[in-house]
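Have a look at the structure below before the remarks.
Every heavy atom of this structure was used, including side-chain atoms; hydrogens, water molecules and symmetry mates were not. Along the sequence shown, the residues carry numbers beginning at 1. As the structure lists them, so they are numbered: ligands from 1, and atoms in each ligand from 1.
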Amino acid sequence: MSDQPVLEVRDLSVAYGYGPDAARAVSEVTFSLGRSKVLGVAGESGSGKSTLVYGLTRLLRAPGVITGGDVLFHVPGENTHTVDVLSAGEEEIQRLRWAHVSIVLQSALSALNPVRRIGREIDEVLRVHRSEMGKAERRARAEELLALVGLPADRLKRFPHELSGGQRQRVMIALALALSPELIVMDEPTTALDVVTQREIVSELYELRQKLGFAMIFITHDLSLLVELADEIMVMYAGRIVERAPALELYRAPRHPYTLGLMESFPPLHGERVEMTGIPGSPPDLRDLPAGCAFAPRCAYAMDKCQTENPALSAIEGGHRSVACWLHAKGHSAPVELSRRFVPAGGEL
Ligand code: SF4
């Protein structure tokens with residue numbers, strides 16, 4: 001049981017709208033997440049990473065519609081059971097949210113009620129989901145939660161507008177931790193914050209995960225944030241997974257041209273200053289995806305085959321990482337920047 005994943009997602013597809021004009025935002029995404037593991041999901045805006053999260057947590061709103069797949073959440077403990085998330089009733093989903101799965105969204109300012117003090121916001125979650133707790137116990141738990149995210153207890157008396165952006169996001173993390181869930185989903189939780197606060201929050205999340213043992217899905221467009229936090233990284237483009245690998249390996253030696261482009265869009269954490277080149281062009285129209293590889297119009301390595309055939313996500317290098325790119329198919333040889341050997345652990349980043 002202990003090595004059973006907390007979450008299994010199989011062939012999940014999500015579209016916006018119906019018929020030939022539907023935008024295929026997520027296509028046949030499959031992954032599983034182990035207990036206490038952190039999966040980073042990276043990609044530009046429109047890559048499908050947020051839609052994936054809304055789909056698998058049943059938070060998708062019309063015109064978003066799940067067009068296929070399965071999402072299984074394995075609830076641990078004495079009453080161990082599996083929730084089929086996509087077919088479960090609303091009551092079961094409500095029980096699952098907060099208690100087992102919680103979600104931190106990008107904008108803490110709009111997620112928090114502006115006319116409610118922070119203390120009341122936390123108290124409300126505890127009161128609804130932990131009816132056995134008395135008022136004093138809830139107050140003590142609220143203080144404990146703020147301490148976990150590095151905020152003093154007097155912040156319980158404040159309104160959201162009286163806190164900085166970083167403090168508000170810490171309150172959201174405290175709320176997500178309130179019921180000790182097994183999985184926390186973070187959708188770009190640090191995007192609206194300055195770089196220093198981003199790094200502080202990521203370090204705190206890393207420590208909290210070590211201490212409390214929850215699993216996490218962390219979504220961002222900044223790959224460099226994930227290398228410190230994630231066990232594994234999944235890169236999405238045009239609604240598909242194009243590369244998946246252990247975090248450090250992917251960061252040190254990307255195999256997909258899009259991953260390489262993402263890495264060249266952000267300054268490195270260590271080493272010399274380098275010029276940021278970014279990725280030319282823009283993501284494709286999800287209502288009219290090309291017949292071949294969706295990245296072909298922006299890819300410096302595109303071949304004839306790339307224009308007509310879409311590469312499947314395939315295992316490479318002994319199966320511990322995978323990539324969807326013809327450069328790594330049998331009979332092709334990848335360019336040196338996408339085939340260099342992995343630097344062994346212990347080397348500098
Ligand atoms: Fe580039 Fe072709 Fe690989 Fe797509 S399949 S990323 S176009 S080389």
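Salt bridge present: Glu90 and Arg58 bring a charged side-chain N and a carboxylate O closer than 4.0 Å. Ion pairing between a basic and an acidic side chain is recognised when a charged N comes within 4.0 Å of a carboxylate O; Arg255 and Glu317 show such pairing. Between Glu182 and Arg35 there is no salt bridge, since no side-chain nitrogen of the basic residue lies less than 4.0 Å from a carboxylate oxygen of the acidic one. Here Glu243 pairs with Arg321 in a salt bridge; the nearest charged N to carboxylate O distance falls below 4.0 Å.
The ligand atoms of ligand 1 that sit less than 4.0 angstrom from a heavy atom of Cys325 are 3 (Fe), 5 (S), 6 (S), 8 (S). Less than 4.0 angstrom separates some heavy atom of Trp326 from each of these atoms of ligand 1: 3 (Fe), 5 (S). Ligand-side atoms of ligand 1 in range of Cys299: 1 (Fe), 6 (S), 7 (S), 8 (S), range being under 4.0 angstrom from any heavy atom. For ligand 1, the atoms closer than 4.0 angstrom to any heavy atom of Ala296 are 7 (S). Residue contact check: Leu327 has heavy atoms under 4.0 Å from atoms 8 (S) of ligand 1.
Within the coordination shell of atom 3 (Fe) of ligand 1, defined by N, O or S atoms under 2.8 Å, Cys306 is absent.
At a heavy-atom distance under 4.0 Å, only side-chain atoms of His256, from C-beta outward, approach ligand 1.
Looking only at side-chain heavy atoms (C-beta outward), Leu39 and Met234 come within less than 4.5 Å of each other.
Nearest non-hydrogen protein atom to atom 4 (Fe) of ligand 1 is Cys293 SG, 2.4 Å.
Ring orientation note: the planes of Tyr237 and Phe295 are nearly perpendicular, at an angle over 60° on the 30°/60° scale.
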